[in-house]
Engineer: 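My questions will all concern the structure given below.
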Amino acid sequence: MTTQLPLPADMPLDAPTHRGDRIRVLGPGTPRLLAFIPAAFTPVCGDEVAELVQLAYRADQLGVQLLVSSCDAAPTLAAWLNEVDPGGVLVGISDHWPHGRIARTCAAFDGQTGTASRHTWAIRADGSRVLAAACGEGEQRAMESHEHGLEWAAGLE
């Protein structure tokens with residue numbers, strides 16, 4: 001991951017969450033780890049979210065917000081996250097409408113399926129971002145990549 005050059009900050013982009021509020025997803029703000037998933041209620045996505053939940057303590061120590069984004073509607077994302085993250089440590093981002101806008105901005109949209117690709121972006125407070133993890137359909141991102149992404153977002157790398 002650190003061999004990639006970070007991309008400059010995007011224009012600020014807010015989006016609805018699974019909680020019903022809106023938060024800053026791209027642009028300057030709180031350091032974030034933004035993990036795109038293809039769809040709620042799928043096995044690989046559930047496994048990945050479980051691993052992100054395991055990173056919540058470290059993310060909190062570093063002041064990095066953990067975001068999970070899909071093109072699902074906010075109520076669908078909320079129902080799923082209530083099952084896979086009962087402690088509520090992750091923030092679900094609904095990229096439902098305009099459909100895939102955030103994923104498209106991050107080159108993480110699959111136009112064939114209308115879903116997000118498995119990409120994770122680490123975003124620093126200044127809004128610059130770097131691709132922390134990516135993998136193909138049906139594969140699972142390595143937890144180590146997410147750990148490195150947390151550290152990069154926090155400015156430790």
Side-chain angles (χ1 to χ4, degrees), residues 1-2 4 6-40 45-97 100-109 115-135 140-157:
M1 180 193 76
T2 55
Q4 298 180 31
L7 296 174
D10 295 295
M11 293 296 293
L13 180 59
D14 296 346
T17 74
H18 76 287
R19 305 174 304 208
D21 59 342
R22 294 182 70 84
I23 66 165
R24 173 73 40 91
V25 179
L26 297 174
T30 302
R32 289 145 277 170
L33 189 71
L34 173 61
F36 288 97
I37 59 165
C45 295
D47 291 345
E48 287 185 320
V49 165
E51 286 191 352
L52 287 171
V53 169
Q54 291 176 27
L55 294 176
Y57 179 74
R58 179 71 174 142
D60 188 52
Q61 285 180 318
L62 297 173
V64 177
Q65 192 172 32
L66 294 174
L67 309 177
V68 175
S69 180
S70 78
C71 294
D72 293 305
T76 301
L77 199 53
W80 181 62
L81 285 174
N82 285 335
E83 283 183 18
V84 296
D85 177 23
V89 298
L90 305 176
V91 178
I93 304 299
S94 176
D95 198 11
H96 186 66
W97 193 258
R101 178 173 144 199
I102 301 164
R104 288 175 203 272
T105 301
C106 293
F109 187 76
T115 62
S117 301
R118 292 185 189 286
H119 290 187
T120 302
W121 289 90
I123 306 167
R124 287 193 169 157
D126 66 3
S128 61
R129 63 182 164 97
V130 68
L131 185 63
C135 64
Q140 188 168 333
R141 289 164 277 200
M143 189 169 177
E144 296 80 25
S145 297
H146 287 144
E147 290 170 339
H148 290 297
L150 285 174
E151 292 171 1
W152 189 88
L156 300 180
E157 286 191 14

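When a residue number appears, it is its place in the shown sequence, counting from 1. Heavy-atom basis, side chains included; hydrogens, waters and symmetry copies ignored. Since the structure is predicted, the reported quantities are computational estimates derived from the model, not experimental observations.
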Engineer: Check Cys71 against His96 and note the closest heavy-atom contact, atom names and distance.
Structural biologist: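 So the minimum-distance heavy-atom pair works out to O-ND1, 3.0 Å.
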Engineer: Below 4.0 angstrom, N of the basic side chain to O of the carboxylate: do Arg22 and Asp14 qualify?
Structural biologist: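 Looking at Arg22 and Asp14, the cut-off is not met.
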Engineer: Heavy atoms only: give me the nearest Ala39-Cys45 pair and the separation to one decimal.
Structural biologist: O-SG, 3.4 Å
Engineer: Using the salt bridge (charged side-chain N to carboxylate O under 4.0 Å, His left out) criterion, which residues pair with Asp60? Sequence neighbours excluded.
Structural biologist: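 In terms of salt bridge (charged side-chain N to carboxylate O under 4.0 Å, His left out), with neighbours along the sequence ignored, Asp60 is linked to no residue.
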Engineer: Sub-3.5 Å donor-acceptor pair from the side chain of Arg32 to the main-chain atoms of Val25, do we have one?
Structural biologist: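 Yes; at least one donor-acceptor contact below 3.5 Å.
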Engineer: So, are Arg124 and Asp126 salt-bridged, with charged N and O less than 4.0 Å apart?
Structural biologist: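 Salt bridge flag = no for Asp126 with Arg124.
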Engineer: In Å and rounded to the nearest 0.5 Å, what is the OG to CG distance from Ser145 to Leu33?
Structural biologist: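 Ser145 OG to Leu33 CG: 10.0 Å, rounded to 0.5 Å.
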Engineer: Can you tell me how far apart CG (Asp95) and CG (Leu34) are? Round to the nearest 0.5 Å.
Structural biologist: 9.0 Å
Engineer: Tell me, do Val130 and Leu7 make a side-chain contact under 4.5 Å, heavy atoms counted?
Structural biologist: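 Counting from C-beta outward, Val130 and Leu7 never come under 4.5 Å.
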Engineer: Is any NZ, NE, NH1 or NH2 atom of the basic residue among Glu51 and Arg141 found under 4.0 Å from an Asp or Glu carboxylate oxygen of the other?
Structural biologist: no
Engineer: Between Ile37 and Ala116, what is the shortest heavy-atom contact and its length?
Structural biologist: O-CB, 3.6 Å
Engineer: So, His146 versus Thr120: side-chain donor-acceptor pair below 3.5 Å or not?
Structural biologist: yes
Engineer: Salt bridge check: are Arg58 and Glu147 linked by an N-O gap of less than 4.0 Å?
Structural biologist: no
Engineer: Of all the heavy-atom pairs spanning Trp80 and Val49, show the shortest one and how long it is.
Structural biologist: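 Closest approach of Trp80 to Val49, heavy atoms only: CH2-CG2, 3.3 Å.
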Engineer: Where do Leu66 and Leu150 land on the side-chain contact (heavy atoms from CB on, under 4.5 Å) test, with the steps shown first?
Structural biologist: CA-CA 9 Å; Leu66 294 174; Leu150 285 174; 3.7 Å; yes
Engineer: Flag the pair Phe36 / Ile102 as yes when at least one side-chain heavy-atom distance between them is below 4.5 Å, and no otherwise.
Structural biologist: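 The answer is yes, as the side chains (C-beta and beyond) meet within the 4.5 Å cut-off.
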Engineer: Report yes if the side chains of Val53 and Leu90 come closer than 4.5 Å at any heavy-atom pair, otherwise no.
Structural biologist: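 Yes, close enough: below the 4.5 Å cut-off.
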Engineer: Taking atom types as modelled, find out whether Glu157 and His148 have a side-chain donor-acceptor pair closer than 3.5 angstrom.
Structural biologist: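 The answer is yes; a qualifying pair exists.
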Engineer: Could you tell me whether the side chain of Ser128 reaches within less than 4.5 Å of the side chain of Trp152, counting heavy atoms only?
Structural biologist: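 Yes; the side chains approach each other to less than 4.5 Å.
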Engineer: Measure across Ala153 and Pro31 and return the closest heavy-atom pair with its distance rounded to 0.1 Å.
Structural biologist: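 Where Ala153 meets Pro31 most closely, the heavy atoms are O-CB, 3.5 Å.
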Engineer: Look only at the side chain of His18 and the backbone of Gly92, and say whether a donor-acceptor pair between them is shorter than 3.5 Å.
Structural biologist: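 Side chain of His18 to backbone of Gly92, a donor-acceptor pair under 3.5 Å: yes, one is there.
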Engineer: Should we count CZ of Arg101 as having more than 12 external heavy atoms under 6.0 Å?
Structural biologist: no
Engineer: Nearest 0.5 Å, what's the CG-CZ distance between Leu13 and Arg24?
Structural biologist: 8.5 Å
Engineer: State, yes or no, whether a side-chain contact exists between Thr105 and Leu26 at a heavy-atom distance under 4.5 Å.
Structural biologist: yes
Engineer: Can you check whether Leu81's main-chain N or O pairs, donor with acceptor, with Asp85's side chain at less than 3.5 Å?
Structural biologist: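 The answer is no, because no donor-acceptor pair under 3.5 Å joins these two groups.
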Engineer: Find the distance between CG (Leu67) and CD1 (Ile93) and round it off to the nearest 0.5 Å.
Structural biologist: 5.0 Å
Engineer: Report yes if some heavy atom in the side chain of Trp97 is under 4.5 Å from a heavy atom in the side chain of Pro16; otherwise report no.
Structural biologist: no
Engineer: Which heavy atom in Thr30 sits nearest to a heavy atom in Gly63, and how many Å separate them?
Structural biologist: CG2-O, 3.8 Å
Engineer: Apply side-chain contact (heavy atoms from CB on, under 4.5 Å) to the pair His119 and Cys135, showing each step before the final yes or no.
Structural biologist: CA-CA 7 Å; His119 290 187; Cys135 64; over 6 Å; no
Engineer: Give every residue pair that meets the side-chain hydrogen bond (donor to acceptor under 3.5 Å, both in side chains) criterion with at least one member in residues 64-77, sequence neighbours excluded.
Structural biologist: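 Found Ser70-Asp72.
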Engineer: Side-chain contact test, heavy atoms from C-beta onward, threshold under 4.5 Å: evaluate it for Arg129 versus Pro8 and give yes or no.
Structural biologist: no
Engineer: Passes side-chain contact (heavy atoms from CB on, under 4.5 Å), Tyr57 versus Leu62? Steps please.
Structural biologist: CA-CA 9 Å; Tyr57 179 74; Leu62 297 173; over 6 Å; no
